Chemist: 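Mind looking over this structure? Questions follow.
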Amino acid sequence: MKKNLFTALTIVIMVLTASCAFGQSVIFGLVKNKANEGLLYANIGIKGGKIGTVSTTGGKFSISIPDSLLKDSITFSSIGYEDKSFLLNSLINKKNIEIVLDEKVISLAEVKISNGKLKLYKLGITGRTPMVSIPTKSYQKDDILEQARLIHLKKAARLLDANIFV
């Protein structure tokens, strides 16, 4: 009996010594909203320390912090909520920390929706009028003149088809 108690105490001392040797502190807590609901997958991390985690489906979290980062701040964030940051020194000795995130209100630009059908227009010369002609008098025998008409559009348009007659 004494041997089992001694072994158990030895293991506890080894675990405590190991945690002190590595120089880490663990923070446990809950991230929730004002309605007291746990926020699932909330981001928890130290920006400069490259250390982070996410909350569970119930909003619970735990994160190990090296002693070298205890002067930094930890940030809690979630989509649709305002970020909150705290100095790690202020959270280290507390148990069951509860972080309440406030909802973030975002104003969106106005969106106009219409059900108007697109209209199809034929522009330019719509018949079989020749567009290219070879002049009788030219400076070089390979000269070809092209007829074209400039068409001004009131709105942006998409070209569906083009006809070229030779």
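Index from 1, following the sequence. The structure presented is a predicted model; accordingly, all values stated were derived computationally and were not measured.
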Chemist: Might you point out which heavy atoms bring Ala42 and Ser55 nearest each other, and give the distance in Å?
Modeler: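 Shortest heavy-atom contact: N-OG, 2.8 Å.
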Chemist: Identify, with sequence neighbours excluded, every residue that meets side chain to side chain donor-acceptor pair (under 3.5 Å) alongside Ser64.
Modeler: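 Once residues adjacent in sequence are excluded, Ser64 has no partner under the side chain to side chain donor-acceptor pair (under 3.5 Å) criterion.
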Chemist: In the single-linkage hydrophobic clustering (I, L, V, M, F, W, Y; side-chain heavy atoms under 4.5 Å), do Leu30 and Leu91 co-cluster?
Modeler: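 Looking at the clustering, Leu91 is in a separate group from Leu30.
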Chemist: Decide whether Ile99 and Leu39 are clustered together by the hydrophobic rule: side chain heavy atoms of Ile, Leu, Val, Met, Phe, Trp, Tyr closer than 4.5 Å, transitively.
Modeler: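 As far as the 4.5 Å side-chain criterion goes, Leu39 and Ile99 are connected within one cluster.
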Chemist: If we ignore hydrogens and angles and just use 3.5 Å, is the side chain of Thr53 paired with the main-chain N or O of Ile44 as donor and acceptor?
Modeler: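 Checked: no pair found.
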Chemist: Go through the steps for Tyr41 and Thr57 under the test side chain to side chain contact (heavy atoms under 4.5 Å, CB included), then give the verdict.
Modeler: CA-CA 7 Å; Tyr41 308 121; Thr57 54; 3.8 Å; yes
Chemist: Can you find a heavy atom in the side chain of Asp83 that is under 4.5 Å from one in the side chain of Leu101?
Modeler: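 A side-chain contact under 4.5 Å is absent here.
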Chemist: Using the rule given for side chain to side chain contact (heavy atoms under 4.5 Å, CB included), can you reason through Ile92 versus Leu70, listing the C-alpha separation, both sets of side-chain angles and the distance that settles it, and then say yes or no?
Modeler: CA-CA 8 Å; Ile92 287 299; Leu70 289 179; 3.4 Å; yes
Chemist: Check whether any side-chain heavy atom of Pro66 lies under 4.5 Å from a side-chain heavy atom of Ile51, and answer yes or no.
Modeler: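 Yes, side chains in contact.
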Chemist: Can you see which heavy atom on Lys34 is nearest to which on Asp102, and at what distance?
Modeler: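 Result for this residue pair: CE-OD1, 2.8 Å.
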Chemist: Is there a continuous path of hydrophobic side-chain contacts, each under 4.5 Å between heavy atoms, that joins Ile27 to Val100?
Modeler: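 Different hydrophobic clusters.
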Chemist: Test of understanding: clusters of I, L, V, M, F, W, Y form through side-chain heavy atoms closer than 4.5 Å, transitively. Do Phe86 and Ile46 belong to the same one?
Modeler: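 Yes: a chain of side-chain contacts under 4.5 Å links Phe86 to Ile46.
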Chemist: Any heavy-atom pair between the side chains of Ile63 and Ile74 that's under 4.5 Å?
Modeler: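 Yes; the side chains approach each other to less than 4.5 Å.
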Chemist: Mind running side chain to side chain contact (heavy atoms under 4.5 Å, CB included) on Asp67 and Ser25 for me, showing each step along the way?
Modeler: CA-CA 7 Å; Asp67 287 344; Ser25 300; 3.6 Å; yes
Chemist: Closer than 3.5 angstrom, by distance alone: can the side chain of Lys84 be matched with the main-chain N or O of Ser77 as a donor-acceptor pair?
Modeler: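 Absent.
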Chemist: Give a yes or no on whether the ring-centroid distance for Phe61 and Phe76 is below 6.0 angstrom.
Modeler: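 So the answer is yes for these two rings.
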Chemist: Does a sphere of radius 6.0 Å around NZ in Lys104 hold more than 12 heavy atoms from other residues, nucleotides or ligands, not counting ones at 6.0 Å or beyond?
Modeler: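 Result for NZ/Lys104: enclosed.
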Chemist: Suppose we screen for side chain to side chain donor-acceptor pair (under 3.5 Å). Which residues come up paired with Ser85, at least two apart in sequence or across chains?
Modeler: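 Partners of Ser85 by the side chain to side chain donor-acceptor pair (under 3.5 Å) criterion, ordered by chain and then number, come out as Thr75.
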Chemist: Do the side chains of Tyr81 and Glu103 get nearer than 4.5 Å, heavy atoms only?
Modeler: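 Yes, at least one pair of side-chain atoms sits under 4.5 Å.
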Chemist: May I have the step-by-step check of side chain to side chain contact (heavy atoms under 4.5 Å, CB included) for Val26 and Ile65, ending in yes or no?
Modeler: CA-CA 6 Å; Val26 180; Ile65 310 293; over 6 Å; no
Chemist: Taking only Lys NZ, Arg NE, NH1 and NH2, and the carboxylate oxygens of Asp or Glu, determine whether Lys32 and Glu98 approach each other closer than 4.0 Å.
Modeler: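 So Lys32 pairs with Glu98 through a salt bridge.
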